[in-house]
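As the structure is a prediction and not an experimental result, all values here were calculated from the model. Counting begins at 1 with the first residue of the sequence.
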Amino acid sequence: PPVVIKLHTPSYVVQRYNFKSLKSNERVQNFMEKYAIMRADYLTSPSRSMAEVVAADYEFSPQRVKVLLNPLDTDTFRPDETLKPRDRINILFTGRIEKRKGVITLAHAIPMISAKVRNCEFVLVGEDTSSGKDRSFLREELKAYLLQNNCLGHVTFHDRKEKNDLLKFYQAFDIFTSPSLYENLGYVCLEAMACGKAVVVSATGGLKEIVAHEHTGLLVPPDQPRAL
């Protein structure tokens, strides 16, 4: 039967932004992914950017990849009109706590934001990863930086949440941010937008394809805390 592969951020793309060097098992994983991709009968991608990145790296025409956008459950992800405004500005990040997701950029931006907007609160929801210095867990590194800059009191961390719990976060917050260094599509951004939230995201990858600057959100250069 024909083999169809969906390009949903191959491991080598994630590793490119997270690590300076690779372990032997990661190199084997990358070889196996490339082997499968090069021999697939059909390739799909949720964004044109991801198709172009893989095509350039593996040296084949991006026209070989069919872009199929991910569906979005707007019956579930929608605004909650019963929520009342609060006296604080709530800013939400959801995603893995890893370098590629731009959490270091966000952490470095928080002191600048907090200095100008005293009544703001940040919540980071996601699974911790060993993408910190020397492959240490990154969450503790972020907490140490925020504590050093007297901002840890403005920030709350939560572990990964299931769909229904995550929905409550989207609906309750004012602003969603995805400051990724690279993002295949940015599905969490779509979910936040479906909940009627303002979004501030990096002008990279698939995020540029779903957010129109100053129309459906704000785009900022990746890896630039001051711009964020």
Side-chain angles (χ1 to χ4, degrees), residues 8-30 33 49-50 53 90-115 120-163 165-166 169-170 173 175-192 197 199-207 219-228:
H8 192 71
T9 319
S11 295
Y12 83 90
V13 177
V14 175
Q15 294 157 1
R16 175 183 293 169
Y17 293 95
N18 281 346
F19 307 120
K20 292 183 178 179
S21 60
L22 299 181
K23 298 179 180 179
S24 57
N25 64 307
E26 292 167 341
R27 295 181 187 278
V28 171
Q29 181 182 21
N30 294 346
E33 281 189 349
S49 172
M50 188 79 266
V53 167
N90 300 286
I91 303 168
L92 176 67
F93 165 90
T94 63
R96 286 189 300 277
I97 306 300
E98 65 178 14
K99 286 184 178 180
R100 181 178 65 93
K101 294 292 185 178
V103 290
I104 296 176
T105 305
L106 177 58
H108 287 200
I110 286 174
M112 291 183 276
I113 298 169
S114 299
C120 64
E121 180 177 303
F122 297 82
V123 170
L124 283 70
V125 180
E127 179 183 359
D128 198 5
T129 70
S130 56
S131 61
K133 185 178 180 181
D134 298 325
R135 299 214 177 204
S136 61
F137 283 102
L138 187 53
R139 184 181 294 164
E140 290 306 312
E141 186 178 314
L142 299 179
K143 286 183 176 180
Y145 178 85
L146 293 167
L147 180 62
Q148 181 182 355
N149 286 272
N150 301 313
C151 290
L152 188 56
H154 290 275
V155 184
T156 304
F157 290 86
H158 292 275
D159 290 330
R160 180 180 177 274
K161 299 294 181 182
E162 296 301 324
K163 179 179 177 180
D165 292 328
L166 191 57
F169 278 92
Y170 287 132
F173 277 68
I175 299 171
F176 172 84
T177 185
S178 179
S180 297
L181 306 183
Y182 180 80
E183 196 69 56
N184 177 359
L185 178 67
Y187 204 61
V188 290
C189 179
L190 286 175
E191 291 172 343
K197 301 307 170 181
V199 298
V200 182
V201 301
S202 292
T204 184
L207 289 170
L219 293 171
V220 297
D223 202 21
Q224 293 192 24
R226 187 167 297 277
L228 179 63

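- Using a 4.5 Å heavy-atom threshold, the side chains of Phe93 and Val188 count as separate.
- When the side chain to side chain contact (heavy atoms under 4.5 Å, CB included) test is applied to Leu181, the partners found at least two apart in sequence or on another chain are Tyr17, Thr105, Asp223.
- Applying the side-chain hydrogen bond (donor to acceptor under 3.5 Å, both in side chains) test to every pair with at least one member in residues 20-29, sequence neighbours left out, gives these pairs: Ser11-Gln29, Glu26-Arg135.
- Residues passing the side chain to side chain donor-acceptor pair (under 3.5 Å) test with Asp128, sequence neighbours excluded: none.
- Sorted by first and then second residue, the ring-ring contact (aromatic ring centres under 6.0 Å, His included) pairs involving residues 130-154 (not counting sequence neighbours) are His108-Tyr145.
- Under the ring pair (Phe, Tyr, Trp, His ring centres under 6.0 Å) criterion, His158 pairs with Phe169, not counting sequence neighbours.
- Looking at residues two or more places apart in sequence or on another chain, you find a side chain to side chain donor-acceptor pair (under 3.5 Å) between Glu162 and Arg160.
- A search for side chain to side chain donor-acceptor pair (under 3.5 Å) contacts involving Ser49 returns Tyr182, not counting sequence neighbours.
- Between Leu22 and Asn30, some side-chain heavy-atom pair lies under the 4.5 Å cut-off.
- Rounding to the nearest 0.5 Å places CG of Leu92 at 10.5 Å from OG of Ser178.
- For the atom pair Lys197 NZ and Phe173 CZ, the distance stands at 9.5 Å (nearest 0.5 Å).
- The side chain to side chain contact (heavy atoms under 4.5 Å, CB included) test applied to Asp165 returns Lys161, Lys168, not counting sequence neighbours.
- Considering all non-hydrogen atoms of both residues, Ser136 and Glu141 come closest at OG-OE1, 4.1 Å.
- Side-chain contact between Asn149 and Ile110 is absent, with no heavy atoms from C-beta onward closer than 4.5 Å.
- Between atom CD1 of residue Ile113 and atom OG1 of residue Thr177 there is a gap of 7.5 Å, rounded to the nearest 0.5 Å.
- The CG atom of Leu207 sits 8.5 Å away from atom CG of Leu190, with the distance rounded to the nearest 0.5 Å.
- By the side chain to side chain donor-acceptor pair (under 3.5 Å) test, Thr204 is found to be paired with no residue, residues two or more places apart in sequence or in another chain being considered.
- Between Pro179 and Ser202, the shortest heavy-atom distance links the atoms C-OG, 2.9 Å.
- In the model, Tyr12 has no side-chain atom that pairs as donor or acceptor with a side-chain atom of Glu33 under 3.5 Å.
- Side-chain atoms of Leu138 and Ile104, non-hydrogen and from C-beta on, do get closer than 4.5 Å to each other.
- With sequence neighbours excluded, the residues satisfying side chain to side chain contact (heavy atoms under 4.5 Å, CB included) with Leu219 are Val201, Ala203, Val211, His213.
- Tested against Asn18 for a side chain to side chain donor-acceptor pair (under 3.5 Å), the candidates Arg96, Glu98, Lys101, Lys99 yield a single pass: Glu98.
- In this structure, Leu228 and Leu106 approach most closely via the heavy-atom pair CD2-CA, 3.9 Å.
- At least one side-chain heavy atom of Arg100 sits under 4.5 Å from a side-chain heavy atom of Thr9.
- For the pair Thr94/Glu191, no side-chain contact is recorded, criterion being any heavy-atom separation below 4.5 Å from C-beta on.
- For the pair Val123/Asn90, no side-chain contact is recorded, criterion being any heavy-atom separation below 4.5 Å from C-beta on.
- Rounding to the nearest 0.5 Å places OG of Ser114 at 10.5 Å from CD of Glu121.
- Partners of Asp134 according to the salt bridge (Lys or Arg N to Asp or Glu O under 4.0 Å) rule, which considers only residues two or more places apart in sequence or in another chain, do not exist here.
- Leu152 meets the side chain to side chain contact (heavy atoms under 4.5 Å, CB included) test with Lys143, Leu146, Leu147; sequence neighbours excluded.
- Taking every heavy atom of both residues into account, Val220 and Ala227 meet most closely at CG1-O, 3.7 Å.
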